[in-house]
Amino acid sequence: MARSCWYEFRKGIWGKHPVFCLLLGLCTTLAVSIRVENAVAMGIATICILSAANTVISLLRKAIPHTVHLPVFLVVIATFVTLVEVFLKGFLPDIHKALGIYLPLIVVNCIVLARAEAHASKHGPLSAFLDGAGMGTGYAIGIVLIAVIRETWGTGMIVIRGVTLLRVGILPAEIMVLPPGGFLVMGLLLALFAFLERRIR
Amino acid sequence: MKTFDTAEAVKSIAVLTVLLGLSTFLMIVFHDFVESHRPKVEESVRVILEQVLPGAAEFKPVFDEQDQVLYYEAFSREGRKKGYGFIFSGLGMWGEIRYSGGLDLDFRLTGVKILKQEETPGLGSRIEEPWFQEQFKGLAAGELEFTKHGGKIDGITGVTTTCEAVVEAIKVEMTRIAGYAGG
(Lines give C-alpha, C1' and ligand atoms only; values in the text may rest on other atoms or scores of the structure.)
Protein backbone atom coordinates (compact mmCIF):
# COMPACT_ATOMS: atom_id res chain seq x y z
CA MET A 1 0.00 0.00 0.00
CA ALA A 2 2.74 2.40 1.03
CA ARG A 3 4.55 1.70 -2.20
CA SER A 4 1.50 2.32 -4.38
CA CYS A 5 0.79 5.58 -2.50
CA TRP A 6 4.31 6.72 -3.28
CA TYR A 7 3.77 5.74 -6.90
CA GLU A 8 0.53 7.80 -7.12
CA PHE A 9 2.45 10.87 -6.01
CA ARG A 10 5.70 10.24 -7.86
CA LYS A 11 4.24 9.46 -11.27
CA GLY A 12 3.28 13.13 -11.78
CA ILE A 13 6.91 14.13 -11.32
CA TRP A 14 8.71 11.26 -13.02
CA GLY A 15 7.08 8.85 -15.48
CA LYS A 16 3.85 10.63 -16.39
CA HIS A 17 4.93 14.26 -16.07
CA PRO A 18 1.86 16.34 -17.05
CA VAL A 19 3.85 18.90 -19.06
CA PHE A 20 6.79 17.00 -20.51
CA CYS A 21 5.25 13.54 -20.96
CA LEU A 22 1.50 14.09 -21.33
CA LEU A 23 1.85 17.57 -22.92
CA LEU A 24 -1.08 18.97 -20.92
CA GLY A 25 -1.63 22.53 -19.70
CA LEU A 26 0.73 24.09 -22.21
CA CYS A 27 -1.23 27.35 -22.49
CA THR A 28 -0.46 28.50 -18.96
CA THR A 29 2.95 26.82 -18.98
CA LEU A 30 4.07 28.94 -21.91
CA ALA A 31 2.25 32.13 -20.90
CA VAL A 32 3.22 32.41 -17.23
CA SER A 33 6.83 31.19 -17.54
CA ILE A 34 8.22 34.66 -18.29
CA ARG A 35 9.17 35.32 -14.68
CA VAL A 36 10.14 32.82 -11.98
CA GLU A 37 8.12 34.72 -9.35
CA ASN A 38 4.86 34.32 -11.28
CA ALA A 39 5.66 30.71 -12.22
CA VAL A 40 6.10 29.79 -8.54
CA ALA A 41 2.76 31.40 -7.64
CA MET A 42 1.05 29.65 -10.54
CA GLY A 43 2.61 26.32 -9.53
CA ILE A 44 1.45 26.61 -5.92
CA ALA A 45 -2.06 27.67 -7.00
CA THR A 46 -2.26 24.66 -9.34
CA ILE A 47 -1.07 22.21 -6.65
CA CYS A 48 -3.77 23.46 -4.24
CA ILE A 49 -6.54 23.38 -6.84
CA LEU A 50 -5.57 19.99 -8.31
CA SER A 51 -5.33 18.15 -5.00
CA ALA A 52 -8.50 19.74 -3.59
CA ALA A 53 -10.56 19.21 -6.76
CA ASN A 54 -9.30 15.62 -7.13
CA THR A 55 -10.19 14.77 -3.53
CA VAL A 56 -13.71 16.22 -3.74
CA ILE A 57 -14.43 14.61 -7.11
CA SER A 58 -13.22 11.26 -5.76
CA LEU A 59 -15.55 11.59 -2.76
CA LEU A 60 -18.47 12.45 -5.05
CA ARG A 61 -17.63 9.83 -7.69
CA LYS A 62 -20.45 7.42 -6.75
CA ALA A 63 -23.10 10.15 -6.58
CA ILE A 64 -22.33 11.72 -9.93
CA PRO A 65 -24.69 10.60 -12.73
CA HIS A 66 -22.64 9.74 -15.79
CA THR A 67 -24.59 12.07 -18.12
CA VAL A 68 -23.51 15.18 -16.21
CA HIS A 69 -20.08 14.12 -14.99
CA LEU A 70 -18.20 16.78 -16.96
CA PRO A 71 -20.37 19.71 -15.72
CA VAL A 72 -20.00 18.41 -12.18
CA PHE A 73 -16.20 18.23 -12.51
CA LEU A 74 -16.11 21.76 -13.87
CA VAL A 75 -18.29 23.13 -11.06
CA VAL A 76 -15.96 21.59 -8.48
CA ILE A 77 -12.82 22.83 -10.24
CA ALA A 78 -14.23 26.33 -10.83
CA THR A 79 -15.21 26.58 -7.16
CA PHE A 80 -11.66 25.91 -6.01
CA VAL A 81 -10.17 28.22 -8.64
CA THR A 82 -12.50 31.00 -7.47
CA LEU A 83 -11.54 30.40 -3.82
CA VAL A 84 -7.83 30.63 -4.67
CA GLU A 85 -8.45 33.76 -6.76
CA VAL A 86 -10.41 35.48 -3.99
CA PHE A 87 -7.66 34.57 -1.52
CA LEU A 88 -4.87 35.96 -3.71
CA LYS A 89 -6.83 39.12 -4.53
CA GLY A 90 -7.38 39.76 -0.84
CA PHE A 91 -4.00 38.91 0.63
CA LEU A 92 -1.46 38.98 -2.23
CA PRO A 93 -2.87 41.57 -4.65
CA ASP A 94 0.42 42.03 -6.54
CA ILE A 95 0.66 38.31 -7.35
CA HIS A 96 -3.01 38.34 -8.33
CA LYS A 97 -2.31 41.22 -10.70
CA ALA A 98 0.75 39.55 -12.22
CA LEU A 99 -1.11 36.30 -12.93
CA GLY A 100 -4.08 38.19 -14.39
CA ILE A 101 -6.30 36.14 -16.67
CA TYR A 102 -4.17 32.99 -16.33
CA LEU A 103 -5.43 32.33 -12.81
CA PRO A 104 -9.13 31.95 -13.74
CA LEU A 105 -7.94 30.02 -16.80
CA ILE A 106 -6.85 27.16 -14.49
CA VAL A 107 -10.54 26.12 -14.71
CA VAL A 108 -9.91 25.03 -18.29
CA ASN A 109 -6.36 23.82 -17.71
CA CYS A 110 -6.58 20.35 -19.19
CA ILE A 111 -4.33 18.86 -16.48
CA VAL A 112 -7.03 19.47 -13.88
CA LEU A 113 -9.94 18.11 -15.93
CA ALA A 114 -7.84 15.21 -17.26
CA ARG A 115 -6.84 14.08 -13.77
CA ALA A 116 -10.48 14.32 -12.60
CA GLU A 117 -11.62 12.21 -15.55
CA ALA A 118 -8.73 9.75 -15.73
CA HIS A 119 -7.96 9.25 -12.07
CA ALA A 120 -10.15 10.89 -9.41
CA SER A 121 -13.43 9.55 -10.79
CA LYS A 122 -12.09 5.98 -10.58
CA HIS A 123 -10.06 5.93 -7.35
CA GLY A 124 -10.49 6.56 -3.63
CA PRO A 125 -9.91 9.97 -2.03
CA LEU A 126 -6.39 9.26 -0.73
CA SER A 127 -5.17 8.00 -4.07
CA ALA A 128 -6.87 10.92 -5.85
CA PHE A 129 -5.36 13.45 -3.46
CA LEU A 130 -1.85 12.04 -3.95
CA ASP A 131 -2.36 11.94 -7.71
CA GLY A 132 -3.46 15.60 -7.71
CA ALA A 133 -0.62 16.70 -5.44
CA GLY A 134 1.92 14.80 -7.55
CA MET A 135 0.61 16.08 -10.87
CA GLY A 136 0.44 19.61 -9.44
CA THR A 137 4.03 19.35 -8.21
CA GLY A 138 5.12 18.05 -11.60
CA TYR A 139 3.41 20.98 -13.30
CA ALA A 140 4.99 23.44 -10.83
CA ILE A 141 8.48 21.99 -11.41
CA GLY A 142 7.94 22.17 -15.17
CA ILE A 143 6.75 25.76 -15.27
CA VAL A 144 9.44 26.98 -12.83
CA LEU A 145 12.14 25.19 -14.82
CA ILE A 146 11.02 26.91 -18.04
CA ALA A 147 10.74 30.25 -16.24
CA VAL A 148 14.27 29.94 -14.80
CA ILE A 149 15.68 29.38 -18.28
CA ARG A 150 13.59 32.11 -19.92
CA GLU A 151 14.12 34.80 -17.27
CA THR A 152 17.88 34.15 -17.06
CA TRP A 153 18.32 34.03 -20.82
CA GLY A 154 15.92 36.88 -21.55
CA THR A 155 16.90 39.40 -18.87
CA GLY A 156 20.26 38.16 -17.54
CA MET A 157 18.96 37.85 -13.98
CA ILE A 158 16.32 36.33 -11.74
CA VAL A 159 14.37 38.69 -9.48
CA ILE A 160 11.89 37.40 -6.88
CA ARG A 161 9.88 39.84 -4.73
CA GLY A 162 12.35 42.59 -5.65
CA VAL A 163 15.43 40.58 -4.59
CA THR A 164 17.96 39.68 -7.28
CA LEU A 165 18.76 36.00 -6.81
CA LEU A 166 20.99 35.47 -9.80
CA ARG A 167 22.85 37.67 -12.21
CA VAL A 168 24.75 36.28 -15.17
CA GLY A 169 26.95 38.23 -17.53
CA ILE A 170 25.26 37.36 -20.79
CA LEU A 171 23.75 39.58 -23.42
CA PRO A 172 20.00 39.18 -22.75
CA ALA A 173 18.04 37.79 -25.70
CA GLU A 174 14.77 39.67 -25.81
CA ILE A 175 13.05 36.88 -27.71
CA MET A 176 13.21 34.59 -24.66
CA VAL A 177 10.63 36.64 -22.73
CA LEU A 178 8.38 36.87 -25.78
CA PRO A 179 6.07 34.04 -26.89
CA PRO A 180 8.55 32.45 -29.37
CA GLY A 181 11.05 32.01 -26.52
CA GLY A 182 8.49 29.93 -24.64
CA PHE A 183 8.06 27.55 -27.57
CA LEU A 184 11.83 27.39 -28.09
CA VAL A 185 12.58 26.44 -24.47
CA MET A 186 9.64 24.02 -24.41
CA GLY A 187 10.91 22.30 -27.56
CA LEU A 188 14.48 22.04 -26.26
CA LEU A 189 13.30 20.60 -22.94
CA LEU A 190 11.00 18.08 -24.66
CA ALA A 191 13.92 16.95 -26.81
CA LEU A 192 16.15 16.68 -23.75
CA PHE A 193 13.63 14.60 -21.77
CA ALA A 194 12.90 12.34 -24.75
CA PHE A 195 16.64 11.81 -25.15
CA LEU A 196 17.11 11.02 -21.44
CA GLU A 197 14.19 8.61 -21.45
CA ARG A 198 15.66 6.72 -24.40
CA ARG A 199 19.08 6.58 -22.75
CA ILE A 200 17.62 5.16 -19.54
CA ARG A 201 15.80 2.45 -21.45
CA MET B 1 -32.73 3.41 -29.68
CA LYS B 2 -32.09 4.70 -26.21
CA THR B 3 -35.23 5.74 -24.37
CA PHE B 4 -35.41 8.84 -22.26
CA ASP B 5 -34.66 7.93 -18.68
CA THR B 6 -36.70 10.21 -16.43
CA ALA B 7 -35.12 8.99 -13.21
CA GLU B 8 -31.64 9.61 -14.57
CA ALA B 9 -32.60 13.10 -15.76
CA VAL B 10 -34.13 14.06 -12.42
CA LYS B 11 -31.08 12.75 -10.60
CA SER B 12 -28.74 14.72 -12.89
CA ILE B 13 -30.65 17.94 -12.34
CA ALA B 14 -30.83 17.37 -8.59
CA VAL B 15 -27.10 16.65 -8.26
CA LEU B 16 -26.09 19.67 -10.33
CA THR B 17 -28.49 21.99 -8.49
CA VAL B 18 -27.32 20.90 -5.06
CA LEU B 19 -23.69 21.15 -6.11
CA LEU B 20 -24.10 24.63 -7.60
CA GLY B 21 -25.91 25.77 -4.46
CA LEU B 22 -23.13 24.44 -2.25
CA SER B 23 -20.48 25.94 -4.49
CA THR B 24 -22.14 29.37 -4.48
CA PHE B 25 -22.60 29.25 -0.72
CA LEU B 26 -18.93 28.32 -0.19
CA MET B 27 -17.74 31.14 -2.46
CA ILE B 28 -19.91 33.75 -0.71
CA VAL B 29 -18.76 32.66 2.75
CA PHE B 30 -15.11 32.62 1.72
CA HIS B 31 -15.36 35.96 -0.08
CA ASP B 32 -16.89 37.61 2.99
CA PHE B 33 -14.20 36.07 5.19
CA VAL B 34 -11.40 37.41 2.98
CA GLU B 35 -13.07 40.81 2.64
CA SER B 36 -13.30 41.23 6.40
CA HIS B 37 -9.70 40.09 7.06
CA ARG B 38 -7.66 41.57 4.25
CA PRO B 39 -5.50 44.64 4.83
CA LYS B 40 -7.51 47.73 3.87
CA VAL B 41 -6.04 50.19 1.40
CA GLU B 42 -7.21 53.77 1.71
CA GLU B 43 -7.66 55.25 -1.72
CA SER B 44 -8.49 58.90 -1.09
CA VAL B 45 -7.09 61.60 -3.37
CA ARG B 46 -4.90 62.82 -0.54
CA VAL B 47 -3.33 59.41 0.05
CA ILE B 48 -2.71 58.91 -3.67
CA LEU B 49 -1.18 62.34 -4.29
CA GLU B 50 1.02 62.35 -1.17
CA GLN B 51 2.98 59.49 -2.69
CA VAL B 52 3.88 61.41 -5.84
CA LEU B 53 4.28 64.88 -4.29
CA PRO B 54 6.74 64.52 -1.40
CA GLY B 55 6.34 67.31 1.16
CA ALA B 56 2.80 68.25 0.17
CA ALA B 57 0.00 67.82 2.69
CA GLU B 58 -3.03 69.72 1.36
CA PHE B 59 -4.59 69.29 -2.05
CA LYS B 60 -7.16 71.72 -3.45
CA PRO B 61 -9.02 70.71 -6.61
CA VAL B 62 -9.17 73.30 -9.41
CA PHE B 63 -12.42 73.12 -11.40
CA ASP B 64 -13.36 74.13 -14.92
CA GLU B 65 -16.72 75.74 -15.86
CA GLN B 66 -18.49 72.36 -15.83
CA ASP B 67 -17.26 71.64 -12.29
CA GLN B 68 -14.89 68.96 -13.56
CA VAL B 69 -11.59 68.66 -11.70
CA LEU B 70 -8.77 69.94 -13.92
CA TYR B 71 -5.94 69.23 -11.50
CA TYR B 72 -5.07 69.63 -7.82
CA GLU B 73 -2.98 72.41 -6.33
CA ALA B 74 -0.62 71.03 -3.71
CA PHE B 75 0.38 72.91 -0.54
CA SER B 76 2.86 72.11 2.21
CA ARG B 77 1.78 71.86 5.84
CA GLU B 78 2.69 75.56 6.29
CA GLY B 79 0.45 76.51 3.35
CA ARG B 80 3.20 77.18 0.81
CA LYS B 81 2.33 76.17 -2.74
CA LYS B 82 4.39 73.11 -3.70
CA GLY B 83 3.07 72.19 -7.13
CA TYR B 84 0.30 70.39 -8.94
CA GLY B 85 -1.15 66.90 -8.65
CA PHE B 86 -3.09 64.92 -11.20
CA ILE B 87 -5.01 61.64 -11.46
CA PHE B 88 -6.15 60.59 -14.91
CA SER B 89 -6.73 57.62 -17.21
CA GLY B 90 -5.30 56.86 -20.62
CA LEU B 91 -5.37 53.96 -23.03
CA GLY B 92 -2.67 51.31 -22.95
CA MET B 93 -2.33 48.40 -25.34
CA TRP B 94 -5.33 46.41 -24.05
CA GLY B 95 -7.26 48.72 -21.79
CA GLU B 96 -7.35 51.59 -19.38
CA ILE B 97 -4.23 52.66 -17.51
CA ARG B 98 -4.83 54.92 -14.50
CA TYR B 99 -2.07 57.27 -13.39
CA SER B 100 -1.34 59.66 -10.58
CA GLY B 101 1.48 62.15 -10.66
CA GLY B 102 2.85 65.39 -9.32
CA LEU B 103 4.52 68.45 -10.83
CA ASP B 104 6.67 71.02 -9.03
CA LEU B 105 6.29 74.74 -9.64
CA ASP B 106 8.60 74.50 -12.70
CA PHE B 107 6.29 71.80 -14.14
CA ARG B 108 8.85 69.06 -13.65
CA LEU B 109 7.58 65.66 -12.49
CA THR B 110 7.98 64.94 -8.78
CA GLY B 111 6.72 61.39 -9.24
CA VAL B 112 4.46 59.16 -11.30
CA LYS B 113 2.50 56.13 -10.16
CA ILE B 114 0.50 53.61 -12.17
CA LEU B 115 -2.65 53.04 -10.12
CA LYS B 116 -4.35 50.49 -12.34
CA GLN B 117 -3.58 48.72 -15.61
CA GLU B 118 -4.81 45.79 -17.68
CA GLU B 119 -1.74 45.18 -19.83
CA THR B 120 -0.32 41.75 -20.74
CA PRO B 121 0.58 39.94 -17.48
CA GLY B 122 4.34 39.60 -17.19
CA LEU B 123 5.08 41.99 -20.06
CA GLY B 124 3.07 45.23 -20.18
CA SER B 125 2.19 44.83 -16.51
CA ARG B 126 5.85 45.48 -15.71
CA ILE B 127 5.22 49.23 -16.07
CA GLU B 128 4.11 48.91 -12.44
CA GLU B 129 7.67 48.09 -11.36
CA PRO B 130 9.12 50.90 -9.23
CA TRP B 131 12.32 51.38 -11.27
CA PHE B 132 10.27 52.19 -14.38
CA GLN B 133 8.16 54.80 -12.59
CA GLU B 134 11.20 56.28 -10.79
CA GLN B 135 12.72 57.29 -14.11
CA PHE B 136 10.11 60.03 -14.61
CA LYS B 137 11.20 61.97 -11.53
CA GLY B 138 12.64 65.41 -12.27
CA LEU B 139 11.82 65.42 -15.98
CA ALA B 140 10.05 68.20 -17.85
CA ALA B 141 7.47 67.44 -20.55
CA GLY B 142 10.04 68.08 -23.29
CA GLU B 143 12.47 65.55 -21.80
CA LEU B 144 10.08 62.60 -21.91
CA GLU B 145 11.87 60.58 -24.59
CA PHE B 146 13.25 57.04 -24.67
CA THR B 147 17.01 56.46 -24.39
CA LYS B 148 17.00 54.94 -27.87
CA HIS B 149 15.83 58.34 -29.15
CA GLY B 150 18.37 60.20 -27.02
CA GLY B 151 16.08 60.77 -24.01
CA LYS B 152 16.26 59.68 -20.37
CA ILE B 153 13.67 56.92 -20.12
CA ASP B 154 14.60 53.24 -20.51
CA GLY B 155 11.82 51.23 -22.11
CA ILE B 156 11.07 47.62 -21.11
CA THR B 157 12.10 44.72 -23.31
CA GLY B 158 9.15 43.54 -25.38
CA VAL B 159 6.79 46.21 -24.05
CA THR B 160 7.26 48.96 -26.62
CA THR B 161 3.59 49.75 -27.27
CA THR B 162 2.61 50.03 -23.62
CA CYS B 163 5.72 52.07 -22.70
CA GLU B 164 5.10 54.50 -25.54
CA ALA B 165 1.46 54.88 -24.48
CA VAL B 166 2.52 55.64 -20.90
CA VAL B 167 5.12 58.25 -21.88
CA GLU B 168 2.78 59.91 -24.38
CA ALA B 169 -0.14 60.03 -21.91
CA ILE B 170 1.99 61.62 -19.18
CA LYS B 171 3.47 64.12 -21.63
CA VAL B 172 -0.01 65.20 -22.82
CA GLU B 173 -1.28 65.51 -19.24
CA MET B 174 1.74 67.64 -18.22
CA THR B 175 1.26 69.95 -21.19
CA ARG B 176 -2.45 70.26 -20.36
CA ILE B 177 -1.83 71.24 -16.74
CA ALA B 178 0.94 73.66 -17.70
CA GLY B 179 -1.53 75.25 -20.12
CA TYR B 180 -4.20 75.79 -17.45
CA ALA B 181 -1.84 76.73 -14.63
CA GLY B 182 -0.03 79.23 -16.82
CA GLY B 183 3.34 77.60 -17.25
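Proteins come first, then strands; the chains are lettered A, B, ... in the order of their sequence lines, and each starts at number 1.
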Under 4.5 Å from a heavy atom of chain A, the part of B:Leu26 involved
both
Honestly, the part of B:Glu118 sitting under 4.5 Å from a heavy atom of chain A is neither
Heavy-atom closest contact (B:Ser12 atom, A:Thr67 atom, distance):
OG-OG1, 3.0 Å
Would you say that more than 12 heavy atoms from the other residues, nucleotides or ligands in this model lie under 6.0 Å from the CZ of B:Phe63, or not?
yes
Looking at A:Ile175, A:Asn38, A:Val68, which one has more heavy-atom pairs under 4.5 Å with chain B than the rest?
A:Val68
Spell out the residues in residues 151-166 of chain B that have some non-hydrogen atom less than 4.5 Å away from a non-hydrogen atom of chain A, in order of number; otherwise answer 'none'.
B:Thr157, B:Gly158
To check you understand the geometry: which heavy-atom pair defines the closest contact between A:Arg35 and B:Glu129, and what is its length?
NH1-OE2, 2.8 Å
Output for pair (B:Leu22 CG, A:Thr79 OG1), nearest 0.5 Å, gives 9.0 Å
Most contact-rich option vs chain B, by heavy-atom pairs under 4.5 angstrom, among A:Val72, A:Val177, A:Thr155, is A:Val72
Please classify the contact between A:Leu60 and chain B as side chain, backbone, both or neither, with a heavy-atom cut-off of under 4.5 Å.
side chain
Checking A:Tyr102 against chain B: side chain, backbone, both or neither under 4.5 Å from a heavy atom?
side chain
Residue-level interface, residues 71-81 of chain B with chain A, non-hydrogen cut-off under 4.5 Å
none
Check B:Val34 against A:Phe87 and note the closest heavy-atom contact, atom names and distance.
CG2-CA, 4.4 Å
Does atom NZ of B:Lys11 have more than 12 heavy-atom neighbours from other groups under 6.0 Å away?
yes
Checking A:Leu178 against chain B: side chain, backbone, both or neither under 4.5 Å from a heavy atom?
side chain
Calculate, to the nearest 0.5 Å, the distance between atoms OG and CG belonging to B:Ser125 and A:Leu99 respectively.
9.5 Å
So, taking the atom named NZ in A:Lys97 and the one named CD in B:Glu119, what distance separates them when rounded to the nearest 0.5 Å?
12.5 Å
State whether the number of non-hydrogen atoms from other residues, nucleotides or ligands found under 6.0 Å of A:Lys89 atom NZ is greater than 12.
no
Nearest heavy-atom approach of A:Ile101 to B:Pro121 is N-CG, 4.4 Å
Would you say CZ of A:Phe183 has more than 12 non-hydrogen atoms from neighbouring residues, nucleotides or ligands within 6.0 angstrom?
no
Inspect the surroundings of CD in B:Glu58 and state if more than 12 heavy atoms from other residues, nucleotides or ligands are less than 6.0 Å away.
no
Measuring from B:Met27:CE to A:Glu85:CD, what's the distance to the nearest 0.5 Å?
10.5 Å
Specify which of A:Val76, A:Thr82, A:Ile64, A:Val32 makes the most heavy-atom pairs with chain B at under 4.5 Å.
A:Thr82
For the interface with chain A, which of B:Pro130, B:Ala9, B:Ser23 has the highest count of heavy-atom pairs at distances below 4.5 Å?
B:Ser23
Side chain to side chain, B:Val15 and A:Pro65, heavy atoms closer than 4.5 Å
yes
